[in-house]
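Everything on this sheet refers to the single structure shown next.
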Amino acid sequence: MKKAALGLAAALTLALAGGAGAQGYPTKPITMIVPFAAGGPTDIIARMVSENMSKTLGQQIVIENVAGAGGTTGITRALTAAPDGYTIAMGHLGTFSAAPATYPNLKYDPIDGLQAIGLAGGTPILIVARKNLDATDLKGFVAAVKASPDKFNEAHAGVGSVSWTTCTLLKGQLGVPKLNSVAYRGTGPALNDLVSGQIDFMCDQIVSVAEQVKAGTIKAYAIASAERSPALPDVPTTKEAGLPEYQIEAWNGIVAPKGTPKEAVDKLVAALDKALNDENTKKRLMDLGTVIPTAAERTPEGFAALIKRDAEKLSPALKAAPK
Ligand code: MLT
């Protein structure tokens, strides 16, 4: 081959490698940022799903908990990382659909500024309380809160988190928007304080509270879904318990920085799909009440559409809510 032709071949090879951008991906461990404290719902789902994804990808997915500002600190870190497939994040209804309405200076755009990978799990919301709170059912709880809102403390994981968002909607519906609330770095630590009776109630995702409700260390007044959860069949729906207008579905899903190479995205999407089809992973998720996403929801397109739909749905109520 002549010198000029050799040069052209080398340039073409380089261009092709650059275009794919992730030849042989992954060749080293991947960091998955969890934007809340360890032990909460996001962390639990991230660890269960990533364990199986690591096997498929042949590289370890390492969980890094980066908590703060209702999860937006960790998601900002993930979405401003190099778009090379080696930094991804597990976020949720709060960080992607509620945060734009609650943080006017949010440093990421969940609609056009990220690469969706897929939905990892639906996480029904429960209204849970310390076990010795006087009210024995949802109607009693609602009546007591309405009568003396200043006597109650609600825990959440920061403005814009799922617990903050879902209890903000609840408090708005009950007409007690300013009821006292305490922010934590995640509902994992908040749950410890609920169990020890230092706070009164919270709205949390089923995955982190299911075991405690079963053990009787806290009580659940209702699940804010259309149907009861097979993981907690004795907990009534809000409709059954007398508050039918309080319905909200939370979820968790994986994202990567915008511009992540297609080869990496495709491999992450396939690994997530495989994890959610794996009997052992599925059982562990479902035992805690996670709703396994449909095939369409596991795709980048399906997940991006869900983020957008819920952002539009939540925006008016959250923009008006006290922060
Ligand atoms: C967590 O993992 O701590 C939660 O997802 C927090 C929340 O958004 O309520």
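Ligands are counted one by one from 1 in listed order, and the atoms in each one are counted from 1 as well.
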>> Against ligand 1, does G71 come closer than 4.0 Å with any heavy atom?
In response: no
> Quick one: ring pair (Phe, Tyr, Trp, His ring centres under 6.0 Å) partners of Y103, sequence neighbours excluded?
Replying inline: none
>> Can you report which non-hydrogen protein atom sits closest to atom 9 (O) of ligand 1, along with the distance?
In response: S163 OG, 2.6 Å
>> If I compare all heavy atoms of V162 with all of G94, which pair ends up nearest, and what's the gap?
In response: CG2-N, 3.6 Å
>> Out of all atoms in ligand 1, which are within 4.0 Å of some heavy atom of G186? Include the element for each.
In response: 3 (O)
> If you measure every N/O of G40 against every N/O of ligand 1, is any gap under 3.5 Å?
Replying inline: no
>> Can you name the atoms of ligand 1, numbered from 1 with element, that are less than 4.0 Å from a heavy atom of A157?
In response: 6 (C), 7 (C), 9 (O)
>> So, using salt bridge (Lys or Arg N to Asp or Glu O under 4.0 Å) as the criterion, who are the partners of E249 when residues are at least two apart?
In response: none
>> For the CZ atom on R130, are there more than 12 heavy atoms of other groups (residues, nucleotides or ligands in this structure) within a distance under 6.0 Å?
In response: yes
> Just distances here: any N/O of D204 and N/O of ligand 1 closer than 3.5 Å?
Replying inline: no
> Does the R298 side chain pair with the main chain of A120, one donor and one acceptor, at a distance under 3.5 Å?
Replying inline: no
>> Test your reading of the structure: does H92 have an N or O sitting under 3.5 Å from an N or O of ligand 1?
In response: yes
>> Quick check on contacts: which atoms of ligand 1 are under 4.0 angstrom from a heavy atom of T187?
In response: 1 (C), 3 (O), 4 (C), 6 (C), 9 (O)
> Angle class for the F96/F303 ring planes (parallel below 30°, perpendicular above 60°, tilted otherwise)?
Replying inline: perpendicular
>> Would you say N180 and D150 are linked by a side-chain donor-acceptor pair, where the criterion is simply a distance under 3.5 Å?
In response: no
>> Which residue and atom name correspond to the protein heavy atom nearest atom 2 (O) of ligand 1, and how close is it?
In response: T42 OG1, 2.8 Å
